[in-house]
Every structure is written in structure tokens, then in C-alpha cells.
Amino acid sequence: MCGIIAYKGEENVVQIIIDGLKHLEYRGYDSSGLCIVSKNKTFLIKKTGKIDNLLEEVEKKQKRNEMTEGEIGIGHSRWATHGAVTEVNAHPHFSCDREIFVVHNGIVENYESLKKELIKKGHRFVSQTDTEVIPHLIEEYRKNNTFVAACEKTFQRLKGLFAIVALDKKTGEIIGTRNGSPLVMGIGEKGLFLASDIPAFLDKTNRVIFLDDGDMVHIINGEEYKIKNLISKKYLKKKINIIDWDKEEAEKGKHPHFMIKEIKEIPEAIKKATWQDKKTLQSVVNLIKKSSGVFFVGCGTAGHSCLFGQYAFSSLLGKRTGFSAASEFKNFLPALDKSALLIAVSQSGETIDTLEAVKKAKEKEIKVVSLVNVMGSTLTRISDYVLMINAGPEKCVLATKSYLSQLAVILLIVFSVLGQEQKGEDRLKKISRELHQLFEDKKFISQIQKLAKQLSSAEHIFTIGRSYDYPTALETALKIKEGCYIHTEAFAGGELKHGVIALIEKGTPCIVHLSKSEEEENTLINAMELQSRGAYIVGIGPEKKKDFDYFITVPEVEEAFSPLVNIAPIHLLSYYIALEKGIDPDKPRNLAKSVTVK
Ligand code: F6R
């Protein structure tokens, strides 16, 4: 979704804003813009397309001496919701007098009525966005108020979920607020930052203040700031957190794409997932034992982790367990009461559907445990207990390492409930070592590259798996759809023959996930059913099967752990197919890393 970066301080503002936007690229964007204030002059530049287009324009202006270094800046990467992708609709938006500039993430739901009111008062609008009402409303209140008071009055009139940063050219003040959309503050040695996410300024500072909904930050100069909560009306002294993410972790380094870097980090991510705070883990175990049942919610890949959780809690713990995509949760809520437990899974901790599901559960006094990757994210702040999955920054739009970290934490919980935490941890560490070896194995990599070449021209792919391999098949389909633009459908092994087998033609590729379990035989029967109708069968499992057209062997592990080893080749396959097709694997079309709008 949209990305925000703002800075006031002594360093090269233009560079900071551009670098910040580049770090936020993973959130998805279709246009970008910035506004720099320098010695009472403003430079406003907006461009559609890549952030590099914005950078090019900035460089052109700098070369022609049409732009100088500044002291204050705000930048924005837009993922369009209201209004087409045009330069006019790109942020920052501004007031009639071009003194107030605003960047915004989220949706102003009551923008139409505000716009009518402002037009009546003589304000002129130039864009089709909901955002533009904000600078005009601030301008209106500014007539009789200070900038801070005008912002406060404006923010209180906005309905919807948003993060906003406003800049006043006259005073050089920056004001930011959030309500449901992410905004964090960075405290640097030479200036202050506001951004949608920590990586935007992590190369400058790891000292971070997490803002809560209703918090309004007033940046007075490069050192001084005030935070007031607009709901309680109180000024707050908020804790400065030290983030232990390595800045290299948020960079591509020697890798051509974040996706391959993050896939290679999977072994480390699994190991780090076992680094859980013992006290919190024990509290979660107690809650699970005490609960009448557990319900999982998540979206996309995180949803597949939840489905895996449902299989594991039900089959290994004998626990009554449910799962729904977070956006569908309200249909299941009536069947839950406060004796139940909700487990919410989210890499970003900012997915709006997941946050809403959690809020609804909390209204019914249902306890919430969340599994999250991003420290200080909204989900970590509204849950009763948080287990960090510790995958480290994940910037490729496609979730890879975070999926395995989520599976690992779920397994660790299951083994802890069984009183076998050490066993769970040992198994995970062993898998981490085995996957490390696998990723180093040149033969394995070239086998996947060869398959990628073959599958890159496919129009349709089917994938099946039974039991724990069913969530894996679903995740396989998602990775190939989003990363390679190939229609891929997943089915539980037994389901294809109930209709979809009609679509199998000569050469249709079918990926069959296998693991050592009592279901293996049945999956093999399903594979042969497909093959005898002409399908090209690709197997992924611990033991090479002779009748398959292509087989990728993975380490043999206990059944419940098989989703970890069975999905790893798919991540690589999706990456290499994307390269074959000339798709940027880090930023597939139409997608955003964190989906903060409905
Ligand atoms: C798929 C993918 C998405 C996310 C989903 C939830 O590769 O990345 O399906 O899994 O948008 O995001 P989080 O986990 O941040 O809640």
C-alpha cells in the first residue's frame, strides 16, 4: 500500500526521502512524489511509475540548478485507491496557497462531504483523490489557528483509517498522525523521521518510537518533538525502542533480488523462529490448554500457515480448531465466546482484514495471540500475547521466509503444548541445517532451473497434496500465480477427481506434494490418475518415485514438518519461472506487500 517518509534535520533531505521511498518500494506503488522545503522555497515533484522516474526527475532538476538541498522533506509512494494513476493524483497534495503539503496512506471515508464544504468556502481542488481534502481543511483551520491546532482540528474530522504527514512551509513544522494505518517515528542523531515502516530509515537510525492510533507527533525541529494523543488529549512521553534488525538485512546485498536473498535466508529464519521468550510461550501454551477451542485467522500466505495450524492443532493436540480467511471471520464469530482463543498470523502485522478480525474478537473478550514479523506493528499492539516469528525484514512482495517462520512457530507451540518443546526445537534446527545444505546443492538448484524453463510456458498448472501437504499445495498455487502469472489451482489430493480432472489434457503440468505418511499411497494413486489422463507429473517429496515425469527430492522429515521442506523448492521454482518470463519477482503487478485497505 502507500508508503510515507518524512524528515527534518541536518542531513541531505533529498537523498533521505529518495532512499526512504526506495526502501518502501516493497509496499507496492504506481506513482510517487516528494516535497522539499529549502530556505522558504518548496520543490514539489511527482511522477507516475517507478521510484527511479522520480529520482531521474530530481537529478535533472539538480543538474539544472532548479533544485537545492533542503532542511525538510516529505515523500510518498502511492498505490491508487481514489483517482487514476496520474501525476496530479500522486502525493504530496497541497492547499490553495501551496503552503501546506500532505502525504497520506489509507482512505478518508467522508471526503466527499468535506470536499463539498470546502468548495463552498472557495477552495479549489485539482486532483480526484480523497487525500486532497486534508491540506485544504488544514488551510481552512489555519486561518485562525496555529499549524498544530489546525492539524488537530482537521484530523478529528476525518473518518476512516489513515496515516498522515503534513508539512507547513511557513513554520517548517511537520505533523504526523495515525488511525489504523502504520506510522513510526525514527530518532536520528541528526534529525527526526516519520515513516510507514522502519526500513525506510533503518540505515540512519535504529531508535524508534511506535505510535498508537490517535497519536499526533509534532516535529518542531531536528531534535524537538511532542506527542499528544488526540483521544485522551494528553501529551505522552513514549519509549524509544532499539531495533535489532541489521541494516544489511534490509538490503539486497550481493543478490539480484530480495526474493532470492530471502529464500536463502530461510534456514536462518527457521532457527530464529525457535528463539521464543519462554515466559510468553508458556502463557500461550496455558491459554491454549484452557481454551474451549482455537480459531486461526490470517490472509494469503499467512492464511495458509493458519490452515496448517488448524491441521496440526487438530491432529496432534486433538484440539477443536477452526480457520477462516481474516476477511471472512465475522461469519464464524457468532459461534465463539470468551472461552475460545484467537490466533492471528501476519508477517506485516498491518493487514487490515486481520486487524479487523482481531478487533471483533476482542469486543467479545476473546483472548488474542498473534504471530508477527514486524516489531511494533499494529497487530503486536492490539494482541494479548505476541510471538515474534523473527524472520527479519521481508521486502519481496511474495512471502517466502516468513511462511516457514510462521510454520516453525506453530510447530513450536504444538510441541510445547505436548510438553516436548525441546524435541520440536531440535527437529526445526535439523531442518534448518538440511535446507541450508539443499540451497547450497548446485545439482538441486539446476534441477529447479530446468523445471522452471519447462513450466514457464504453461497456461495452467494443478497441484495436489493430502493432509499437511494440502496447505502446501495451496501455498504452491499462490506462489506460482502471483510470482509467475500462471493460473495454478490447488486441491486436496482426493478432490481433483470430483470434477476438475476434466480439465487435464495431454501435457498439463501437475505438481504432487508427497511426504512420508499413511496418505502417501493415496496421493500416489491420485498422481497416477492424473498421469493416465495425460498430465505431466512433477513430484516433490522425500523419496524419488519412478513413474513421475520429474521428481525433486527433499529431506525426509516427520509428517508434521513436511510443509517446511516441501514448499522450499516451490519458492525457488517461482523465482526462476519469474526470471524466465522477465517478471520482476520482487514486485509483481497489482500487488502490495502489506494490504492496509479493504
Ligand atoms: C503472498 C503474500 C500475501 C500475504 C498476505 C498477508 O506471497 O505475501 O498473500 O501473505 O497479504 O500479509 P501479512 O502476512 O502481512 O498479513
Side-chain angles (χ1 to χ4, degrees), residues 1 3 24 26-28 79 180-182 196-199 257-259 262-263 266 269 273 296-309 323-329 342-358 368 370-380 382-383 386-407 409-410 471-472 474-485 488 490 567-568 570-575 577-578 583-598:
M1 300 289 111
L24 292 171
Y26 73 94
R27 295 175 70 83
W79 194 85
S181 298
S196 301
D197 201 355
I198 300 164
H257 299 99
F258 279 111
M259 184 168 179
E262 289 160 8
I263 293 172
I266 284 173
F296 282 89
V297 285
C299 302
T301 293
H304 297 152
S305 297
C306 291
L307 181 63
F308 166 75
F323 155 66
S324 82
S327 55
E328 292 292 315
F329 178 60
L342 187 81
I343 300 189
V345 183
S346 171
Q347 186 282 132
S348 63
E350 300 292 352
T351 300
I352 195 76
D353 293 330
T354 309
L355 296 180
E356 292 216 337
V358 166
V368 176
S370 60
L371 271 49
V372 194
N373 192 34
V374 177
M375 277 172 273
S377 56
T378 307
L379 187 55
T380 64
I382 61 174
S383 305
V386 179
L387 294 173
M388 298 304 299
I389 62 163
N390 300 329
E394 188 179 67
K395 289 196 149 183
C396 171
V397 165
L398 275 67
T400 54
K401 61 175 177 171
S402 66
Y403 179 58
L404 283 96
S405 304
Q406 290 162 354
L407 300 181
V409 175
I410 291 170
T472 307
L474 288 167
E475 182 57 12
T476 292
L478 181 58
K479 286 288 100 78
I480 299 178
K481 273 185 276 203
E482 61 179 350
C484 319
Y485 309 158
T488 310
I567 198 66
I570 295 296
H571 288 155
L572 288 166
L573 183 65
S574 165
Y575 176 70
I577 296 178
I583 296 168
D584 179 349
D586 287 343
K587 287 170 258 158
R589 67 186 176 209
N590 304 340
L591 296 172
K593 181 74 179 160
S594 79
V595 183
T596 54
V597 292
K598 282 201 178 190

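Side chains included, hydrogens not; waters and symmetry mates left out as well; all remaining heavy atoms used. All ligand and atom numbering here is 1-based and tracks the order in the structure.
Looking at Ser383, its side chain never comes within 3.5 Å of a backbone N or O of Thr380 through a donor-acceptor pair. Under a 3.5 Å cut-off, the side chain of Glu262 and the backbone N or O of Cys396 do form a donor-acceptor pair. Checking side-chain atoms of Asp586 against main-chain N and O of His257 turns up no donor-acceptor pair under 3.5 Å. Side chain of Asn390 to main chain of Ala273: no donor-acceptor pair is present (N/O by atom type, distance under 3.5 Å, no hydrogens or angles). Side chain of Ser377 to backbone of Val374: a donor-acceptor contact under 3.5 angstrom is found.
Within the 4.0 Å heavy-atom cutoff, Asn373 does not count among the residues contacting ligand 1. For Lys479, the heavy-atom gap to ligand 1 drops under 4.0 angstrom.
Counting the atoms of ligand 1 from 1 in the order shown, those under 4.0 Å from a heavy atom of Leu398 are 7 (O). The contact set between ligand 1 and Ser348, taken as ligand atoms under 4.0 Å from a residue heavy atom, comprises 13 (P), 15 (O), 16 (O). Of all atoms in ligand 1, numbered sequentially from 1 with element shown, those under 4.0 Å from a heavy atom of Val397 are 8 (O). Near Ala302, the atoms of ligand 1 lying under 4.0 angstrom from a non-hydrogen atom of the residue are 10 (O), 14 (O).
Among all protein heavy atoms, the one lying closest to atom 12 (O) of ligand 1 is Thr351 OG1, 3.4 Å. Protein heavy atom in closest approach to atom 5 (C) of ligand 1: Cys299 O, 3.5 Å. The nearest protein atom to atom 3 (C) of ligand 1, hydrogens excluded, is given as Thr301 N, 4.1 Å; this is a heavy-atom distance. Scanning all protein heavy atoms for the shortest distance to atom 14 (O) of ligand 1 gives Gln347 N, 2.7 Å. Among protein heavy atoms, atom 7 (O) of ligand 1 sits closest to Glu482 OE2, 2.4 Å. Of all protein heavy atoms, the one closest to atom 11 (O) of ligand 1 is Val595 CG2, 4.2 Å.
The shortest N/O to N/O separation between Gly349 and ligand 1 does not fall below 3.5 Å.
To the nearest 0.5 Å, the span separating CD1 on Ile480 from NE2 on His571 amounts to 10.5 Å. For the atom pair Thr301 OG1 and Glu482 CD, the distance stands at 5.5 Å (nearest 0.5 Å). Rounded to the nearest 0.5 Å, atoms NZ (Lys479) and CD1 (Ile570) are 10.5 Å apart. Interatomic distance, CD of Gln347 versus OG1 of Thr400, reported as 9.5 Å (0.5 Å rounding).
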